[in-house]
> 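Quick one: this structure, given as structure tokens, is what I'll be asking you about.
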Amino acid sequence: MNIAARTAKSDTSGIDLDGFSKGLFIGGTWQEGETGRRIPVVDPSSETVLAEVADAGLADAAAAVDAAARAAPGWAATPPRQRSEILRRCFELMSERAEMLARLISLENGKALRDARGEVAYAAEFFRWNAEEAVRIVGDFGMAPAGANRIIVDYQPIGICVLITPWNFPAAMATRKIAPALAAGCTVVLKPATETPLTAYALAALYKEAGVPDGVVNVITTSTPGPVTSAMLADPRVRKLSFTGSTGVGRTLLAEASKSVISCSMELGGNAPLIVFDDADLDVAVEGAMIAKMRNAGEACTAANRLYVQAGIYDRFVAALTQRMESLAVGPGTDPETECGPMITAKAVDKIDRLVEDAVTRGARVLCGGKKLQGTGFFYPPTVLTDVPLDADMSCEEIFGPVAPISRFDTEAEVIARANDTEYGLAAYVFTKDIARGLKVSRQIEAGMIALNRGLVSDPAAPFGGVKQSGLGREGGSHGVLEFTEPQYIAVTL
Ligand code: NAP
């Protein structure tokens, strides 16, 4: 493992941290907020404070919903083509400023610059895709089976939407919601994660520049997400909650939303199995496992959390993967050489440490890494564990870090049972040269998304989402925009 020199100094070159405000973005203006408090934003590579953002209270949340309500009729009535052109402009501006945005993401989240560049391209693509969707939201018109009347179905904007996003993809998790909501004609209040609010504010300024009218997108940060969100969900004008984050917080928000019977889309936690059959192409499987495990240093809901490798290829796969993991460059996200950046917080590192210690105590073997790195920054090294027992905590909890736990299996039936033995069902990975077998196994795995002979599954043009306790609804594809609409049926005698 190559560990770059680490310092208590952030590399802010190429980032105009003063180029956008860190106040609340409400009704198209920047506001200090009623509490007067500020929230520090920490660079996980250097542990220094990068900036402070405003801390919204209940009055600010009410003001944000008011602004979204004032803008709603005008935006819903804006011709789809015009909405589409504005979304397209958001895509173009994000693409033009991709390098600055990538550096900003890398700075506040810690992810390697190469991952941050990938995120910006993915995040911008939601605007291009939904610019195309905005003009293709079509309804239905047909004869009722009894012949007495016609059935008209019209897809209307669902109303004001509250959007809540996590820190692991500060740009993409927001644009995956904002772009389809705006395409459908809705106005929104976004509450980004406290750890990574700077990207959300930089993008808010960009949307305004692209022509998004005041009040259509509002962004508020808060240190009290529970009360602030509850107040917004209790407002009868709010009709949609779209949340991405942990299953635990998702459950709390579902209960809260039930009080006002609000439509909920939930993108929650994962525990993805990665299965390598004996007949897999070794190079393809190792490359796929590296992407599935190490994109974002393992801090992804789709990250391979359990690697199951068939006995005949096990030793060769373990050796090749360990060699790749050991050679990764660990360092500050903004260093272009870095392949594995820091974790988001010291708490996140401690959780990974606990999970690894638990697995080792139960009999797992450490082939590389396995201990948190001392010194500045929240670093955990790329780690490979073998013989991880089924009862280890990491077999059922999200690791959310650069740890690859590998277990051996013998039969197809055995590995399918193991893969499905979880409350989660977001993503899964299957490697085999026999495509018929791959498709058959994929259909037996309880997951919303399967990557077959690939390490990457996310695509703005495809429906992203999970089954079981990984979530409700889909984002992206043609499904994503419909989550922000309500079908209205009109029966008419003609
Ligand atoms: P988290 O703790 O659930 O937080 C997510 C968001 O919810 C943050 O904005 C957070 O605000 C907010 N929040 C926390 N408690 C809240 C409450 N009581 N009421 C309202 N909002 C509240 O998750 P995280 O640690 O940021 O993100 C990691 C998790 O997200 C993992 O489980 C991962 O699998 C999941 N994830 C899922 C997907 C997907 O598409 N399925 C994608 C990415 C991540 P604060 O920042 O202020 O706490």
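Please read these numbers as outputs of a predicted model, since none were measured by experiment.
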> Compare every heavy atom of A69 with every heavy atom of R237, then report the nearest pair and how far apart it is.
NH1-CB, 3.6 Å

> Among side-chain atoms of E108 and T199, is any donor-acceptor pair under 3.5 angstrom?
yes

> Consider only side-chain N and O atoms of T244 and K177, and report whether a donor and an acceptor are under 3.5 Å apart.
yes

> I'd like to know if E32 and R38 make a salt bridge, using a cut-off of under 4.0 Å between side-chain N and carboxylate O.
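Yes, E32 and R38 are salt-bridged.
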
> How close do E34 and L58 get, counting heavy atoms only, and between which atoms?
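Shortest heavy-atom contact: OE2-N, 2.7 Å.
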
> Could you go through F20 and F25, starting from their C-alpha distance and side-chain angles, then the distance that decides it, and tell me whether this counts as ring pair (Phe, Tyr, Trp, His ring centres under 6.0 Å)?
CA-CA 11 Å; F20 55 90; F25 186 66; over 10 Å; no

> Hey, are E92 and R88 close enough for a salt bridge, meaning a charged N less than 4.0 Å from a carboxylate O?
yes

> Which pairs pass side chain to side chain donor-acceptor pair (under 3.5 Å) with one or both residues in residues 455-469, sequence neighbours excluded?
R251-Q469, E446-K468

> Tell me, please, which residues at least two apart from D11 pass side chain to side chain donor-acceptor pair (under 3.5 Å).
S13, R103

> Is a donor on one side and an acceptor on the other found under 3.5 Å between the side chain of S327 and the backbone of R324?
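Yes; judged by distance alone, with no hydrogens or angles, the pair exists.
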
> Can you tell me which residue among S242, C186, P180 is in a side-chain contact (heavy atoms from CB on, under 4.5 Å) with C161?
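One option only clears the test, and that one is C186.
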
> Would D55 and S223 count as having a side-chain donor-acceptor pair, cut-off 3.5 Å?
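Note: D55 and S223 side chains meet the donor-acceptor criterion.
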
